[in-house]
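Data block below; observations after.
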Amino acid sequence: MPYLLAFALTLLVEVPLYVGALALGGAGRARAAAAAVAVNCATHPPLWWFLGRFTGATAAEYWTAVALAELAVVAVEAALVGRLAGCRGPLPHAASLTANAASVLAGMLVARGLAAG
């Protein structure tokens, strides 16, 4: 999948989820949306670069790298989005986990569709 498509898909999936979740914590919609875009701008490029190093790896190596990298992204995004949106407690962590799981699933489905042609 081309990078810009992957990034656009990530934003399309994650931003509404972050906005909905962070609004529960008292963040305004605009602040939550800005925080969601900012954290993805911070994490998506390094994630893409890192996973690109595993394109020739075995399936086990690739999926291990994906799992570990996504866990790191969830942790970083939770810390950043909580700070940027002014939310504390478990909410930023739950929002990050949910948003990233949804975008990984969406990416897998789109990539499969593109491969099927």
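All figures in this text were calculated on a predicted structure; none of them were measured in a lab. Only heavy atoms go into these numbers, but all of them, side chains included; no hydrogens, no water, no symmetry mates.
Side-chain heavy atoms closer than 4.5 Å link hydrophobic residues (I, L, V, M, F, W, Y) into clusters, and following such links, even through other members, never connects Phe54 to Leu68. Connection of Val73 to Val66 is established within a shared hydrophobic cluster, with ILVMFWY side chains joined at heavy-atom distances below 4.5 Å, either directly or through further cluster members. One hydrophobic cluster holds both Met108 and Tyr62 under the rule that ILVMFWY side chains link at heavy-atom gaps under 4.5 Å. Both Tyr3 and Val37 are part of a single hydrophobic cluster, where members link through side-chain heavy atoms under 4.5 Å apart. Cluster annotation: Met1 is not connected to Leu109 through the hydrophobic network of ILVMFWY side chains, with a link wherever side-chain heavy atoms come within less than 4.5 Å.
A distance of 12.5 Å separates CG in Leu9 from CG in Leu4, rounded to the nearest 0.5 Å. Taking OG1 from Thr43 and CD from Glu14, the interatomic distance works out to 7.0 Å, rounded to the nearest 0.5 Å. A distance of 6.5 Å separates CG in Leu11 from SG in Cys41, rounded to the nearest 0.5 Å.
Not one N or O on the side chain of Arg29 forms a donor-acceptor pair closer than 3.5 Å with the backbone of Ala23. Side chain of Ser96 to main chain of Pro92: no donor-acceptor pair is present (N/O by atom type, distance under 3.5 Å, no hydrogens or angles).
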Does Tyr18 form a side-chain contact (heavy atoms from CB on, under 4.5 Å) with Val39? I'd like the steps, not just the answer. CA-CA 11 Å; Tyr18 270 124; Val39 300; 4.3 Å; yes
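Of all non-hydrogen atoms in Val19 and Ala32, the two that sit nearest each other are CA-CB, 3.9 Å. Minimum heavy-atom separation, Ala106 to Val13: CB-CG2, 3.8 Å.
Taking the side chain as every heavy atom from C-beta outward, Val15 and Thr10 never approach each other to under 4.5 Å. A heavy-atom distance below 4.5 Å is found between the side chains of Asn40 and Glu77. Inter-residue side-chain proximity for Thr58 and Glu61 is flagged as met; some heavy-atom pair is nearer than 4.5 Å. Leu47 places a side-chain heavy atom less than 4.5 Å from the side chain of Glu70.
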